[in-house]
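Here's the structure we're looking at; comments come further down.
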Amino acid sequence: INSTHFSIDLMEEGLQSMLKRLLPTVDGLQCILVCDRDGVIIVEVHTDDLPPAIVKPIFMGTFAIASEQASKLGVGKNSSVISYYSGHQVIQCNYLPLVLTFVAKVDANTGMLFALEEDLRDSVNQLRDLIGVS
């Protein structure tokens, strides 16, 4: 077994457990996932009432494009994008080539979702670094 792939698998399992613990901590939070820039999901946890269309790879893959365009505004590197829809908010955080995404009901506390991003920052960075090695 390749030790790098083994490390990535262990990291993903640990992150999955952490996400499962964090999911119920914010009212209205329905999904936390980490995907690559193309929208391929690496780790995901969600509630049973999450609409499946929200986590389709085509939807998740749009972050890289939006982030790249936002960075061209001349105000620095874009760190996140918040999108509001009729019933949901989607927060995507830049860890390129990874993207950390929160999907929540529109009335969920956005500040609390960003606090979760801070809690997950080290773990997502570690996963990003491991994936960069493989």
Check: Roughly how far, to the nearest 0.5 Å, is the OG1 atom of Thr101 from the CG atom of Leu33?
Finding: 4.5 Å
Margin query: For His88, give me all partners under side-chain contact (heavy atoms from CB on, under 4.5 Å), at least two apart in sequence or on another chain.
Written below: Gln30, Pro51, Ile54, Val103
Check: Can you list the steps and then say if Cys31 with Leu50 is a side-chain contact (heavy atoms from CB on, under 4.5 Å)?
Finding: CA-CA 7 Å; Cys31 179; Leu50 176 72; 3.7 Å; yes
Checklist line | Test item: Leu29 and Leu116 side chains (from C-beta on) under 4.5 Å apart, heavy atoms | finding: yes
Checklist line | Any residue meeting side-chain contact (heavy atoms from CB on, under 4.5 Å) with Asn125, in chain and number order, not counting sequence neighbours | finding: Tyr95, Arg121, Arg128
Next item on the list: With rounding to the nearest 0.5 Å, note down the distance linking CG in Leu100 to CD1 in Ile91.
Entry: 9.5 Å
Check: Roughly how far, to the nearest 0.5 Å, is CD1 of Ile32 from CG of Leu120?
Finding: 6.0 Å
Check: Pairs in or reaching into residues 97-106: which pass salt bridge (Lys or Arg N to Asp or Glu O under 4.0 Å), with residues at least two apart or in two chains?
Finding: Asp49-Lys105
Side-chain donor-acceptor pairs under 3.5 Å in residues 18-28, sequence neighbours left out?
| from | atom 1 | to | atom 2 | distance (Å) |
| --- | --- | --- | --- | --- |
| Thr25 | OG1 | Leu22 | O | 2.6 |

Next item on the list: Could you tell me whether the side chain of Cys35 reaches within less than 4.5 Å of the side chain of Val99, counting heavy atoms only?
Entry: yes
Next item on the list: Could you list all the salt bridge (Lys or Arg N to Asp or Glu O under 4.0 Å) pairs where at least one residue sits in residues 86-100, not counting sequence neighbours?
Entry: none
Item checked: Non-neighbouring partners of Ser80 that pass side-chain contact (heavy atoms from CB on, under 4.5 Å), sequence neighbours left out -> Cys93, Phe114
Note to self: As an exercise, state the distance from CD1 of Ile82 to CD of Gln89, rounded to the nearest 0.5 Å.
What the structure shows: 7.5 Å
Check: With sequence neighbours left out, what residues match Lys77 under side-chain contact (heavy atoms from CB on, under 4.5 Å)?
Finding: Asn94
Next item on the list: Look at the side chain of Gln16 and the backbone N and O of Glu44, then say whether any donor-acceptor pair between them is shorter than 3.5 Å.
Entry: yes
Next item on the list: Identify the two heavy atoms, one from Val106 and one from Ser86, that lie closest to each other, and give their separation to 0.1 Å.
Entry: CG1-O, 4.2 Å
